[in-house]
Amino acid sequence: MSIALPERPAVARRLWTPRLVATLALFVVSAAFFCAVVGYALVRQADERQAMERRAALSTAIQDIRNAGGNFTSLEPRQFKYIERTAALKDLRFETEPVEDDREVQSVLDAQGRILGWFSWTPDHAMSDALGEMRPLAILTAIFLVGFAGVALWQVRRTVRELGASEQLAWQLAHEDMLTGLPNHRKMIEQIDTVMAQRAHGEVTTLAFLDVDGLKDVNDAHGHAAGDELLREVAKRLRKVLPHGAVCGRLDGDEFALVTIAPDMDLAEAAVQAVARELARPYWVDGQVIQVGVTTGLAYAPRDGRSRDELMRRADLALRSGKRKHRGKLVRFEPPMDVEFDDRRFLERELKRAIEEKALDVHYQPIVGSDGSRILGAEALLRWTHPVRGAIPPGKFVPIAEHCGLMPALGEFVLRRALTDARRWPGLYIAVNLSPVQVRDPALVETVSAMLAECGIPATRVMLEVTEGVLIDNPDEAKARLDALKALGIRLALDDFGTGYSSLTYLQRFRFDKLKIDKGFVDPLARDPQSQAVVQAIVALGRALDLTLLAEGVETEEQRVLLRLAGCDEMQGYLFARPAPRETLDRLVAEPAEGQALRAAVA
């Protein structure tokens with residue numbers, strides 16, 4: 001299947017061609033040669049006319065001398081001068097013998113027609129001689145004209161080639177993706193319009209956005225050259241397996257688009273699914289096998305929209321949904337995705353406003369000793385209460401903040417508030433979560449150091465928590481950043497331990513002070529012996545590495561007892577207290593009755 005692209009520009013049809021220039025150069029040279037020949041002929045004709053006039057003058061002078069009774073065998077000097085002056089001939093002589101050199105002659109006859117002698121003179125071709133002296137100059141001029149024509153021809157040929165290459169490049173930039181040779185984003189928009197206009201009644205126009213999963217990992221592991229080669233191979237395979245009548249292009253980065261017409265949605269989906277499966281097969285790149293996945297978002301016209309903008313927006317929504325929930329799968333657009341998108345846009349807009357108006361708050365959940373009678377610290381948790389929607393959970397707005405670049409502002413707000421509030425509870429440590437965005441920030445260490453100095457809080461009272469997701473993106477960068485924080489005296493905790501992919505590796509590479517056992521291991525403790533075994537193994541590992549063990553999500557007394565028996569040092573969860581404003585923690589810390597109530601709850 002060939003991709004429909006417009007005809008490439010033909011520079012020769014709009015510019016002087018080399019053949020035309022050659023013709024013009026030949027015409028100029030020919031005209032110059034013709035002018036030279038005609039000029040030379042005219043000069044020779046003028047010299048001949050002058051010679052005839054002088055011969056006529058000579059004949060007239062001879063007749064005058066004869067009429068005056070002159071004797072040509074013994075001309076007087078005055079008579080000779082008269083003849084020479086009248087005829088205007090150079091070096092005129094009267095000879096009685098025939099002249100054998102290149103002098104011109106005219107015979108003199110007596111009355112009986114006998115030759116008395118000959119007047120001879122040196123031929124005078126003044127104009128021809130002058131033109132002859134100019135012959136070298138004329139030759140040089142001719143050579144110059146020919147050379148000029150040749151240089152002009154070469155220059156025009158070169159200009160035509162350069163303009164052709166420049167116009168070709170401009171055409172490619174306007175219509176083609178330079179890496180893959182597929183139609184680019186701009187051209188693909190035109191193609192979508194074209195295909196939608198060709199849809200007949202009862203047919204379905206299908207727009208598929210295909211995202212290559214794992215391109216960033218390929219770039220990180222093998223270099224960007226390998227990533228570029230992978231994209232070229234994807235484009236080749238995409239051309240090869242295109243359904244009949246389909247058009248494809250590269251939209252941006254690792255995202256491709258495919259638009260086609262089919263009798264119904266099921267056939268269209270089957271065709272796109274076949275393309276996606278083919279693209280997901282392993283690639284041979286730079287001497288090694290590379291495996292990637294393909295997430296696909298589908299939208300159909302007229303079901304999902306009758307305009308190109310509607311179709312593209314909804315195919316993109318389907319793709320986003322697939323990347324969040326069904327990576328590597330094909331996802332059709334469904335109306336609830338529009339609602340979800342609008343909701344995300346609303347939350348994004350309102351979250352920006354909440355940050356500007358300082359409408360966010362920080363709540364604190366106590367961290368207690370394993371006996372449940374002592375509050376050792378508190379975890380700072382971001383909270384957002386919207387004036388219309390009420391409390392919005394962090395699990396809903398934090399991903400939006402990460403997506404739209406608001407996490408640096410949120411992270412700095414939570415850290416500053418937590419360090420400021422920590423002065424209210426001198427005997428407690430404060431735990432604050434760090435997002436991946438914060439860990440990637442080169443200014444993180446400097447920011448934390450400045451806040452510690454600003455709030456007057458010892459670094460040893462601060463516990464910064466990170467998840468394994470923070471460490472996966474760029475382990476070397478994360479290690480350098482966390483080591484610098486450790487150098488300040490801050491303690492580090494690995495949150496959600498055991499839920500990732502390489503926890504043991506991270507424990508070897510990073511110097512953590514605490515492991516937080518995820519709620520997923522705590523919930524089934526009372527009913528699942530295997531969960532008890534897992535928790536005991538985690539505790540044993542932590543003890544071997546000299547780490548403090550904290551179990552989160554403790555909600556029942558039975559769970560607390562089992563965790564204490566397993567060897568956990570600290571706990572937090574609804575059994576002890578829910579996250580609450582700082583004033584609530586003030587009361588728990590300051591009032592003995594609250595401490596007694598806390599002990600009573602776990603006795």
Side-chain angles (χ1 to χ4, degrees), residues 355 358 360-368 375-384 393-395 397-399 401-402 406-441 443-471 478 481-497 510-516 518-519 547-548 550 552-553 570-573 577-582 584-586 589:
I355 293 173
K358 296 181 171 47
L360 300 168
D361 197 8
V362 175
H363 287 191
Y364 299 92
Q365 185 174 33
I367 299 173
V368 303
I375 299 177
L376 305 177
E379 181 178 3
L381 300 168
L382 182 62
R383 291 294 182 265
W384 179 23
F397 70 81
V398 168
E402 292 177 342
L406 298 176
M407 276 309 299
L410 287 180
E412 186 172 336
F413 166 77
V414 174
L415 185 60
R416 176 173 276 106
R417 172 68 69 82
L419 294 182
T420 301
D421 290 344
R423 292 180 296 193
R424 305 161 72 104
W425 316 299
L428 306 184
Y429 71 83
I430 292 295
V432 181
N433 291 283
L434 288 182
S435 71
V437 175
Q438 288 175 283
V439 176
R440 287 194 295 266
D441 183 5
L444 172 65
V445 179
E446 182 179 348
T447 300
V448 172
S449 178
M451 286 188 185
L452 288 172
E454 175 186 331
C455 299
I457 299 297
T460 53
R461 288 187 57 203
V462 179
M463 176 77 70
L464 295 181
E465 300 180 359
V466 297
T467 62
E468 293 181 13
V470 172
L471 312 177
R481 204 87 72 231
L482 296 180
D483 285 348
L485 291 172
K486 288 279 291 183
L488 295 178
I490 288 174
R491 292 181 293 164
L492 299 177
L494 180 59
D495 199 2
D496 301 334
F497 179 74
F510 297 88
R511 296 184 298 157
F512 290 107
D513 300 282
K514 178 180 294 187
L515 291 185
K516 296 188 69 174
D518 186 74
K519 184 178 186 294
L547 301 176
T548 302
L550 186 154
E552 55 185 351
E570 301 174 0
M571 302 178 197
Q572 68 181 106
R578 292 175 177 269
R582 55 190 175 184
T584 300
L585 187 58
D586 286 342
V589 172

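Only a predicted model underlies this, so the values are computations on that prediction, with no experimental measurement involved.
One finds a salt bridge joining Arg417 and Asp361 here, because a Lys/Arg side-chain nitrogen approaches an Asp/Glu carboxylate oxygen to under 4.0 Å.
The minimum heavy-atom distance linking Phe413 with Leu360 is given by the pair CZ-O, 3.6 Å. Taking both residues in full, the closest heavy atoms of Leu434 and Leu444 are given as CD1-CD2, 4.2 Å, listed atom of the first, atom of the second, then distance. Contact between Ile490 and Val462 at its shortest, heavy atoms only, is CG2-O, 3.7 Å. For the pair Ala380 and Asn433, the tightest heavy-atom approach, listed with the atom from each and the gap, is O-ND2, 4.1 Å. In plain terms, the two heavy atoms of Ser435 and Glu402 that are nearest each other are CB-OE2, 4.4 Å. Closest of all the heavy-atom pairs between Asp441 and Arg481 is O-NE, 3.2 Å.
Here the CG-CG distance, from Leu550 to Leu515, works out to 10.0 Å after rounding to the nearest 0.5 Å. Here the straight-line distance linking atom CD of Glu468 with atom CG of Asp496 works out to 8.0 Å at 0.5 Å rounding. The distance from the CG atom of Leu376 to the CD atom of Glu570 is 5.0 Å, given to the nearest 0.5 Å. Put simply, CD on Glu552 and NZ on Lys519 are 9.5 Å apart, with the number rounded to the nearest 0.5 Å. Phe510 contributes atom CZ, which lies 10.0 Å from atom CG of Leu492 (distance to the nearest 0.5 angstrom).
The backbone N or O of Leu428 lies less than 3.5 Å from a partner atom in the side chain of Arg461, making a donor-acceptor pair. A distance-only check finds a donor-acceptor pair linking the side chain of Gln365 to the backbone of Ala577 [under 3.5 Å].
At least one side-chain heavy atom of Thr467 sits under 4.5 Å from a side-chain heavy atom of Asp495. Side-chain contact between Leu482 and Arg511 is absent, with no heavy atoms from C-beta onward closer than 4.5 Å. Considering only heavy atoms from C-beta on, Met463 stays 4.5 Å or farther from Ile430 through its side chain. Residues Leu452 and Leu419 meet the side-chain proximity criterion, which asks for heavy atoms closer than 4.5 Å. The closest side-chain heavy-atom distance from Glu379 to Lys516 is below 4.5 Å. Contact annotation: the side chain of Ile457 approaches that of Arg423 to within less than 4.5 Å [non-hydrogen atoms, C-beta and beyond].
For residues 416-440, the pairs satisfying ring pair (Phe, Tyr, Trp, His ring centres under 6.0 Å) are Tyr364-Trp425, with sequence neighbours left out. Among residue pairs with one or both ends in residues 447-457, those qualifying as salt bridge (Lys or Arg N to Asp or Glu O under 4.0 Å) are Arg416-Glu454; sequence neighbours excluded.
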Between Asp513 and Thr548, is a side-chain contact (heavy atoms from CB on, under 4.5 Å) present by the stated rule, with each step listed? CA-CA 6 Å; Asp513 300 282; Thr548 302; over 6 Å; no

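Arg383 is linked by a side-chain contact (heavy atoms from CB on, under 4.5 Å) to His363, Leu381, Pro394, Pro579, counting only residues two or more places apart in sequence or in another chain.
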